[in-house]
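Here it is, the structure in full.
Chain identifiers are assigned alphabetically (A, B, ...) following the order of the sequence lines, protein sequences preceding nucleic acid strands; residue numbering begins at 1 within each chain.
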Amino acid sequence: MYNINDKGYYGEFGGAYIPEMLYPNVEELRQNYLKIMAEPSFKEEFDQLLKDYVGRPSPLYLAKRLSEKYNTKIYLKREDLNHTGAHKINNTIGQILMAQRLGKKRIIAETGAGQHGVATATVCALMGMECIVYMGEIDIARQAPNVARMKMLGAKVLPALSGSRTLKDATNEAIRDWINNPVNTHYIIGSVVGPHPYPDMVARFQAVVSEEIQWQLQEKEGKSTPDYVVACVGGGSNAAGAFYHYLENTDVKLIAVEAAGKGIHSGESAATSILGKEGIIHGSKTLLMQTDDGQITEPYSISAGLDYPGVGPMHAHLYKTGRAEFISITDDEAMTAGLELSQLEGIIPAIETAHSLAIFDHKKFKEDDVVVINLSGRGDKDLQNYIDYFKL
Amino acid sequence: MYNINDKGYYGEFGGAYIPEMLYPNVEELRQNYLKIMAEPSFKEEFDQLLKDYVGRPSPLYLAKRLSEKYNTKIYLKREDLNHTGAHKINNTIGQILMAQRLGKKRIIAETGAGQHGVATATVCALMGMECIVYMGEIDIARQAPNVARMKMLGAKVLPALSGSRTLKDATNEAIRDWINNPVNTHYIIGSVVGPHPYPDMVARFQAVVSEEIQWQLQEKEGKSTPDYVVACVGGGSNAAGAFYHYLENTDVKLIAVEAAGKGIHSGESAATSILGKEGIIHGSKTLLMQTDDGQITEPYSISAGLDYPGVGPMHAHLYKTGRAEFISITDDEAMTAGLELSQLEGIIPAIETAHSLAIFDHKKFKEDDVVVINLSGRGDKDLQNYIDYFKL
Amino acid sequence: MNRINQKLKEKKKLLSIYFSAGYPSLNDTVSIIENLEKNGVDIIEIGLPFSDPLADGPTIQASSTEALKNGMTTDVLFNQLKDIRKTVSIPLIIMGYFNPMLQYGVEDFCKRCQDIGVDGLIIPDLPVDVYNDQYKAIFEKHGLINVLLITPQTSVERINFIDSISTGFIYMVSSASVTGSNSGFGEEQTEYFKRIADMKLKNPQIVGFGISDNETFSQATARAKGAIIGSAFIKHLTKNGVNKIDAFVNSILK
Amino acid sequence: MNRINQKLKEKKKLLSIYFSAGYPSLNDTVSIIENLEKNGVDIIEIGLPFSDPLADGPTIQASSTEALKNGMTTDVLFNQLKDIRKTVSIPLIIMGYFNPMLQYGVEDFCKRCQDIGVDGLIIPDLPVDVYNDQYKAIFEKHGLINVLLITPQTSVERINFIDSISTGFIYMVSSASVTGSNSGFGEEQTEYFKRIADMKLKNPQIVGFGISDNETFSQATARAKGAIIGSAFIKHLTKNGVNKIDAFVNSILK
Ligand SMILES: Cc1ncc(COP(=O)(O)O)c(C=O)c1O
Ligand SMILES: Cc1ncc(COP(=O)(O)O)c(C=O)c1O
């Protein structure tokens with residue numbers, strides 16, 4: 001119902017709208033990804049690295065002071081504790097193993113907040129592979145710590161200078177690189193976007209999140225299903241991971257949180273589901289922000305990781321069908337929620353993640369609701385932004 | 001033999017050389033710490049927080065590419081994956097619970113690298129307690145990201161302006177504050193230094209590290225004891241934690257790594273064991289760097305967390321008895337080793353930790369040696385230093 | 001008979017030129033087309049600019065961005081072209097990305113092309129299979145040829161499939177690269193040209209990507225029916241405006 | 001009989017003054033001592049400066065740092081004092097931290113004090129128990145009184161213990177705070193002074209910390225035998241050098 005079909009679509013969304021130059025690459029991946037993921041040696045290596053290298057399982061933490069404040073039972077899924085500080089590495093570990101099995105020697109990636117770039121540079125260092133990361137010029141400036149990390153890890157960071165000089169443009173550059181290097185290069189896409197099979201493959205690698213939530217909740221609450229799962233949505237990978245095992249169980253309500261920027265109708269927003277229309281972006285039919293004329297518009301969010309005019313096809317489908325509720329959070333609301341979590345629970349969240357934590361003014365929960373929020377990343381990369389914003 | 005005796009000494013080192021003004025505080029702690037730590041409710045809360053909040057157990061990761069390079073079997077104990085990014089939080093979780101049980105309302109701490117300050121600010125936010133952190137003016141400048149984090153967490157960071165304006169002076173300031181606030185304040189010392197019972201209490205909280213290494217090695221190697229355990233030593237807490245359960249088992253060789261700064265005999269060094277003499281610092285009889293006249297000298301290391309003229313009394317004892325081998329590593333060696341780990345294993349270590357990783361040019365291991373290195377913290381706080389140093 | 005098919009019957013090597021509509025100035029479109037025809041160009045590809053042209057290199061991308069800034073839209077282009085068949089008779093192909101067409105409505109888009117006298121479309125991000133399943137009928141209903149691409153990495157089976165559903169020519173990407181990336185052809189490309197020629201496909205091939213001068217044009221057309229020049233012509237426009245188009249075309253054909 | 005014990009027998013409230021040796025200038029030590037005696041001060045505490053004086057407030061800490069910069073060392077101080085008993089007869093106490101003494105050798109340190117005619121020591125970071133177990137005999141052998149501290153937080157049992165091993169006076173810290181922190185005494189302190197007075201200890205008490213003028217001196221000595229001024233005097237030295245010591249002392253005693 002809510003998962004991908006065998007043609008690579010979620011309902012009417014998805015597919016692989018790619019230039020012929022990419023066909024051999026994408027087709028090779030499409031034909032092999034499920035087979036490779038099912039190999040025992042792949043599973044073993046993936047699980048082992050997630051455990052010993054990434055530090056999984058990430059805890060499911062009952063946030064007492066936050067729960068008290070909002071009078072409901074809030075669990076935080078601590079992806080911020082993963083190696084490199086976000087959920088992104090679940091996917092890059094999976095894809096680097098995939099790339100190795102496909103015989104690739106060179107890795108490219110796009111990045112917005114830099115978390116995916118760092119996660120990619122990290123696994124490339126781990127495997128001794130060449131790594132090129134494309135990053136919008138604006139994002140290079142606003143996520144400087146992550147740029148420094150990528151360099152330390154031996155990756156080359158190339159600026160995307162066109163368009164809004166953010167995630168969308170970095171993705172364009174990465175795709176151009178891939179077109180130019182079709183044989184030896186694997187493109188590690190960082191979210192559940194791009195042509196089929198990327199959205200499905202990335203979702204499957206991230207699905208470890210909801211798999212763990214299930215048994216962790218069972219341990220803590222005596223049942224494996226929460227009442228709500230909440231996650232922010234840039235491309236949608238952390239949400240896909242947190243929702244995955246609950247997609248077909250409609251007792252579990254799903255909440256996707258988008259960046260409203262300076263306000264949904266301010267002209268500076270990244271609230272794709274509300275502002276977007278169906279179309280094609282980066283190889284996938286989905287919802288995207290565009291002009292009447294079909295030109296992709298430049299989104300805006302204070303958070304580099306949510307500053308993307310599209311959304312993964314799974315989420316377009318969840319929106320269209322009403323399976324997930326979509327809430328938009330402004331810059332100001334997110335920043336305030338980020339500070340609140342820091343001071344109530346001692347956890348500084350990524351600004352992306354802070355959007356998820358700001359829903360309590362938009363949505364009331366019952367006292368005995370179990371609400372799981374995917375704490376997709378830590379805020380170390382965002383300190384300067386927080387400091388500047390709050391004049392700390 | 002190597003552990004503390006009932007008078008609060010490791011051999012001839014330790015004790016509580018404190019002004020009378022601190023006596024009630026320290027005595028209250030001394031009389032209660034073991035009792036409180038033995039309470040089931042304490043243990044339970046401590047363990048629960050370590051698991052769900054800190055993310056323990058931290059993985060024991062077999063570093064394949066590093067092992068290959070040095071032709072021996074190297075495991076990294078991943079304290080860098082802990083919440084807040086270093087081993088320091090093991091101790092602050094323990095001490096905040098201790099402070100609560102002692103009825104304290106206000107927390108003070110000193111910090112060098114800022115990791116202990118962040119770890120303290122974090123647990124204070126978690127428990128809703130007031131937090132003041134003293135930090136040398138020099139360290140405030142060279143560990144800016146951690147200063148920002150403390151502020152986000154709601155702590156007040158006060159600069160120590162005297163002396164070398166580093167860790168030693170921050171400790172003096174914290175002690176002064178404690179003297180001024182003897183009733184409602186608990187001082188969370190960040191390492192195995194200070195008057196008894198601090199060194200022992202902190203070592204016990206950090207002992208979770210070697211406790212985990214034991215069963216993790218059992219799982220991976222079929223035996224719970226490595227051939228070597230390696231850790232860097234500033235005050236000595238991460239080393240104390242990594243050594244703890246192996247102290248009395250002399251089959252396990254212990255290596256303590258100190259900061260040689262610009263060279264042991266350059267006059268800019270923090271290699272306490274080699275350069276130090278017996279004396280009193282911060283309430284404890286131990287080895288410390290001092291003039292013939294007994295004035296404490298200003299140490300130097302590129303790493304703020306090792307830039308301390310003393311060493312915990314346990315380590316003074318381990319040095320004096322020869323139980324541990326002490327190796328000194330220069331700034332340059334440490335920086336190079338930090339970059340090497342980043343590019344070989346995708347893990348950017350704290351500069352403190354990088355010292356431990358630089359021992360391979362000083363010490364040869366056999367191919368089948370099992371060497372456990374305590375990866376005490378991650379390098380996010382040090383990025384600017386790395387970038388500047390390597391001109392990345 | 002479609003003008004493209006007619007043109008392909010001519011016993012000569014065909015020169016096809018690409019430019020981004022609305023560049024250098026919004027209203028240069030018609031004059032560039034007329035000039036190109038006048039100077040002996042055989043086929044023209046009119047680029048409908050797109051915000052995110054991910055199969056294009058920096059030169060074409062920059063001209064697209066500029067064209068959009070100049071005010072180019074799908075409607076503006078169609079209006080500029082509405083009387084084009086009064087003055088121009090060579091084949092005209094619109095090359096653009098799929099999203100703007102989708103927003104226009106694919107059927108409406110095709111109909112408008114037909115009305116104007118556009119002969120074909122090149123849509124790099126509309127995959128062959130999607131085209132075949134969903135849009136082929138619409139294109140054919142409006143007499144439009146969809147030009148499909150092959151690259152050095154395209155498998156024999158896939159080339160045969162593409163040949164089977166193509167009705168004009170095959171756009172043979174010289175190397176797997178975005179436009180404007182390479183200069184000059186090496187052994188690899190020559191072998192690829194030969195390999196494809198030897199397949200004796202039903203549709204003639206026109207080579208694109210990497211053609212910038214008389215030499216590369218000759219190399220590319222040694223075995224293929226023609227060649228397409230894009231980035232090199234855009235660079236010429238950037239430098240000279242619409243004036244010296246004759247010089248540019250003459251330098252290619254000599 | 002030790003000069004301290006003698007002094008304590010006098011039927012007056014005693015004024016004790018602390019200063020850091022080597023401050024403001026390295027060689028001011030003797031002249032400051034002589035001046036203090038001349039102006040009616042009863043006991044002098046000569047601070048042996050230490051790099052890390054963690055029980056001292058900013059004023060004394062700064063003077064210590066300055067004194068060290070000026071070149072003060074344990075040996076320099078002893079040399080400056082070697083003829084002090086030719087001119088000065090009131091009790092002299094050296095106040096310093098334990099580490100410099102330890103490095104000098106505790107026995108050597110005590111012997112040198114005895115040779116010079118120093119009467120006692122105050123070592124804030126040498127705890128009572130360590131003193132009692134390890135150093136009492138050495139101090140006594142050299143006729144030195146170790147002045148021990150109590151604070152408002154010191155328990156009754158501990159006060160009694162400290163009283164039992166003290167042989168001169170008890171340094172009664174007015175409030176639990178580093179030197180120079182407070183100004184003026186409140187109800188809390190007055191009650192504490194009364195509580196201690198009511199204990200009728202064997203050793204008289206001299207109050208320290210927070211005494212800066214005639215008013216606080218009077219308050220502190222209402223029930224205690226005397227009071228010690230430190231930071232306020234250092235501030236005076238910083239402002240006026242060694243010249244107007246008479247004015248300072250007079251302002252306290254009035
Ligand atoms: C911490 C964090 N959360 C969320 C996101 C948004 O990406 P996605 O929607 O794919 O989870 C990012 C992207 O960089 C991120 O770094
Ligand atoms: C990562 C890290 N390692 C080591 C140290 C040194 O402290 P210790 O010797 O107490 O482990 C510090 C101190 O801040 C640190 O941050």
message: Are A:His282 and C:Leu54 packed together at the side-chain level, in the sense that at least one heavy-atom pair is separated by less than 4.5 angstrom?
response: yes
field: Part of A:Leu22 within contact of chain C (heavy atom distance under 4.5 Å)
entry: neither
task: For residues A:Glu20 and C:Thr154, determine if any side-chain heavy atom of one lies less than 4.5 Å from a side-chain heavy atom of the other.
output: yes
Best-contacting candidate, C:Pro53, C:Ser155, C:Ala62, against chain A by heavy atom pairs under 4.5 angstrom: C:Pro53
query: So, the side chain of A:Arg176 versus the backbone of C:Asp56: is there a donor-acceptor pair under 3.5 Å, distance only?
result: yes
Enclosure of C:Lys194 NZ (heavy-atom neighbours >12, cutoff 6.0 Å): no
message: Using a 6.0 Å cut-off, check whether atom CG of A:Asp292 has over 12 heavy atoms from anything other than its own residue.
response: no
- prompt: At their closest point, which heavy atom of C:Pro127 faces which heavy atom of A:Ile18, and how far apart are they?
  reply: CG-N, 3.8 Å
message: Other residues, nucleotides and ligands only: do more than 12 of their heavy atoms fall within 6.0 Å of NZ on A:Lys7?
response: no
statement: Whatever's closer than 4.5 Å to a heavy atom in chain A on C:Ile123 counts as neither
- request: Considering only NZ, NE, NH1 and NH2 on the basic side and carboxylate oxygens on the acidic side, decide whether A:Glu27 and C:Arg158 come within less than 4.0 Å.
  value: no
message: Ignoring hydrogens, what is the shortest heavy-atom contact between A:Met21 and C:Leu149? Give both atom names and the distance.
response: SD-CD2, 3.9 Å
message: Around atom CD of A:Glu12, are there more than 12 heavy atoms from other residues, nucleotides or ligands closer than 6.0 Å?
response: yes
task: Could you look at A:Ala174 and say if it's the side chain, the backbone, both or neither that has a heavy atom under 4.5 Å from chain C?
output: neither
field: Neighbourhood of chain A inside residues 98-113 of chain C, taking heavy atoms under 4.5 Å as contact
entry: C:Phe98, C:Asn99, C:Pro100, C:Leu102, C:Gln103
field: Exercise: identify the closest heavy-atom pair between A:Gln295 and C:Pro49
entry: NE2-O, 3.0 Å
task: Return the set of residues passing ring-ring contact (aromatic ring centres under 6.0 Å, His included) with C:Phe19 (not counting sequence neighbours), or none when no residue passes.
output: none
Pairs satisfying ring pair (Phe, Tyr, Trp, His ring centres under 6.0 Å), at least one member in residues 43-76 of chain C, at least two apart: C:Phe50-C:Tyr97
query: For C:Thr65, is it the side chain, the backbone, both or neither that has a heavy atom under 4.5 Å from a heavy atom of chain A?
result: neither
- prompt: Okay, side chain of C:Ser51, backbone of A:Ile296: is any donor-acceptor separation there less than 3.5 Å?
  reply: yes
message: Taking every non-hydrogen pair under 4.5 Å, which of C:Leu68, C:Asp129, C:Asp52, C:Thr73 racks up the most with chain A?
response: C:Asp52
field: Heavy-atom contact with chain A under 4.5 Å, split by part of C:Ile150
entry: backbone
- request: Report, by ascending residue number, the residues of residues 163-173 of chain A in heavy-atom contact with chain C at a distance under 4.5 Å; give 'none' if the set is empty.
  value: A:Lys168, A:Asp169, A:Asn172, A:Glu173
task: Using a cut-off of under 4.5 Å on heavy-atom pairs, state which of A:Thr297, A:Asp293, A:Thr291 scores highest against chain C.
output: A:Asp293
task: Check each atom of A:Tyr23 against the heavy atoms of chain C and say whether the ones under 4.5 Å are side chain, backbone, both or neither.
output: side chain
